[in-house]
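Data block below; observations after.
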Amino acid sequence: MRAIIGFFVRNWRFSVIITILLIFSGISSLLSLTRESFPPVDFAKVIISSIYPGSSPEEVEQKITISIENELRGIEGIKDVKSTSQNERSRIEIRIEMDNPDIQVREVVTQIQRAVDRVQNLPPDMLERPRITEANAKEIPVLEFAIIGPNFNRQRDVLAQQIKSVLEDIEGVSEVRLVGYTKPEYQVLLNPEKLSRFDIGIPEIRGAVLAKINDTPVGYIRGSEKKQMVRIKAKLKTIEELNELPIRTGDSGRTIFLKDVGRAVLAQEEPSILASLNGEDATLLVVTKKPSADAVALANKAKDLVQEISHTLPENIKIEIYNNESKRIERRIKIVTSNAIQGFVLVLLITFIFLPLRLGIMISLSLPISLLGTFYYMHLFGGNFNLITMLGLIIALGMLVDNAVVVGELYNQELNFNRSAQEAAINAAHRFWLALLCSILTTVAAFAPMLVTKG
């Protein structure tokens, strides 16, 4: 070790060049580091959610939950399954075994997706297939805000959908979820007396409506050089179109339209989730980021855009941000920065009192240089600013202050023994390197279990 220390001390020009490169590399890496709340941890949990309108908890359990659970039984690597069946909803939480090194989480997730796709006996009137989501730290929202105001004629929900479309165009946004949002729908209100008069049943009307909105492939047109697919697309553009929908044409040639037995209106679906903020009805928007995106920059972009939109809203509608993750991240970065500055000033004051000023300045400079070097290696190995890495930086800065003062004081003592500056530096570093290394390793040992613990 003495030879290694002596090499860098005697070849001081080489050491200065390395230090300068480290400083510039650290500054460049600092500007490129991604900032987020937590490291991208996979919680090894999968959630299967299903919606079955108009059903009781017993129906949901028998027709959906049990059917999905039966397909999951043969999958190896599942630790446990927790299911909840309630009115119109089924929720199945699956935890994957992480302690077994032979179990690959991604492979188990793929098998779960295939198992859900194999379920064939689901109710035909479900609005959509069961939805599979993975729980991980990447899905933690960076910004949450509420659109508060009346929802007459879906005024609030239309604004929420428009803002959602704008936010999804921001680079780095993974998803914008709507909570308390109701979709528009056409409702057909039938008159029982008129149905009886024309002898028309509800299935007949249902079939006519479905035929009007159907989108069906009917085959191909084959040419000598190319083949084109043909689809019949039946779309409704206005509510009047639906009211003019022919239901039946009699022998006399008279056509019975939908408006003759009832009327169609543009309304909204019955809400399954109601949201409010501070007691006021609201539609919530939850913005999540992509794994590679910077949480602070993304949240600030989204916040600026939301504030810009808020100036154009009607008087009875307002936007309020109730969760901004970037503020927490910036607060943690300020803690690291303030610790570095306080350490620098503290070392400078202590060495100014007990050691020569020039030596004190050089010792204090070791703090920001070491910090910049850390940023370079964090960027090199794909690290980022998060709660764990910032905690590590704060602990390391504390140890670095202690080590810098000890080695600096011994260096000054060696100079008082009439030794040369090079010899004094080599003796000071060599005398304490093992003790300082052991003190660092004891701290590393306290946190080492985090690197090897599974689950």
Would you confirm whether Glu59, through its side chain, and Ser56, through its main-chain N or O, come within 3.5 Å as a donor-acceptor pair? yes
d(Ser83 OG, Glu69 CD) to nearest 0.5 Å is 4.0 Å
Spacing of CG belonging to Leu285 relative to CG belonging to Leu167, to within rounding of 0.5 Å: 7.0 Å
Please check this pair: side chain of Arg118 against backbone of Gln113, looking for a donor-acceptor N/O pair closer than 3.5 Å. no
Rounded to the nearest 0.5 Å, the CG atom of Asn278 sits from the CD1 atom of Ile148 at a distance of 6.5 Å
Tell me, yes or no, whether the heavy-atom count around Arg129 atom CZ, taken from other residues, nucleotides or ligands under 6.0 Å, exceeds 12. yes
Could you verify whether a donor N or O on one side chain and an acceptor N or O on the other, from Tyr411 and Arg419, lie under 3.5 Å apart? no
Got Pro150 and Asp281 here, is their nearest side-chain heavy-atom distance under 4.5 Å? no
Exam field: side chain Ser165 to backbone Gln161, donor-acceptor pair closer than 3.5 Å: yes
Distance check, rounded to the nearest 0.5 Å: Leu30 atom CG versus Ile27 atom CD1? 8.0 Å
Going from CD1 on Ile132 to CG on Asp117, what distance comes out if it is rounded to the nearest 0.5 angstrom? 6.0 Å
Centroid separation under 6.0 Å, is that true for the rings of Tyr376 and Phe24? no
Take the angle between the ring planes of Phe381 and Tyr377 and call it parallel below 30°, perpendicular above 60°, tilted in between. parallel
Determine, for Glu71 against Arg73, whether the closest basic-nitrogen to carboxylate-oxygen distance falls under 4.0 angstrom. no
Just wondering, do Ile96 and Lys79 contact through their side chains at under 4.5 Å, heavy atoms? no
Would Thr65 and Ser85 count as a side chain to side chain donor-acceptor pair (under 3.5 Å) here? Give the steps. CA-CA 7 Å; Thr65 305; Ser85 300; 2.8 Å; yes
Inspect the contact between Glu168 and Lys164 and indicate whether a charged nitrogen and a carboxylate oxygen are less than 4.0 angstrom apart. yes
Set of side-chain contact (heavy atoms from CB on, under 4.5 Å) partners for Ser49, sequence neighbours left out: Arg131
Lys/Arg-Asp/Glu bridge criterion (N-O < 4.0 Å) met for Glu325, Arg328: yes
Flag the pair Arg10 / Ile426 as yes when at least one side-chain heavy-atom distance between them is below 4.5 Å, and no otherwise. yes
Spacing of Asn151 atom CG and Thr283 atom OG1 [to the nearest 0.5 Å]: 5.5 Å
Between Phe14 and Thr19, is any pair of side-chain heavy atoms under 4.5 Å apart? no
Evaluate salt bridge (Lys or Arg N to Asp or Glu O under 4.0 Å) for Lys318 paired with Glu280, printing each intermediate quantity in order. CA-CA 11 Å; Lys318 63 180 179 178; Glu280 298 182 271; 3.5 Å; yes
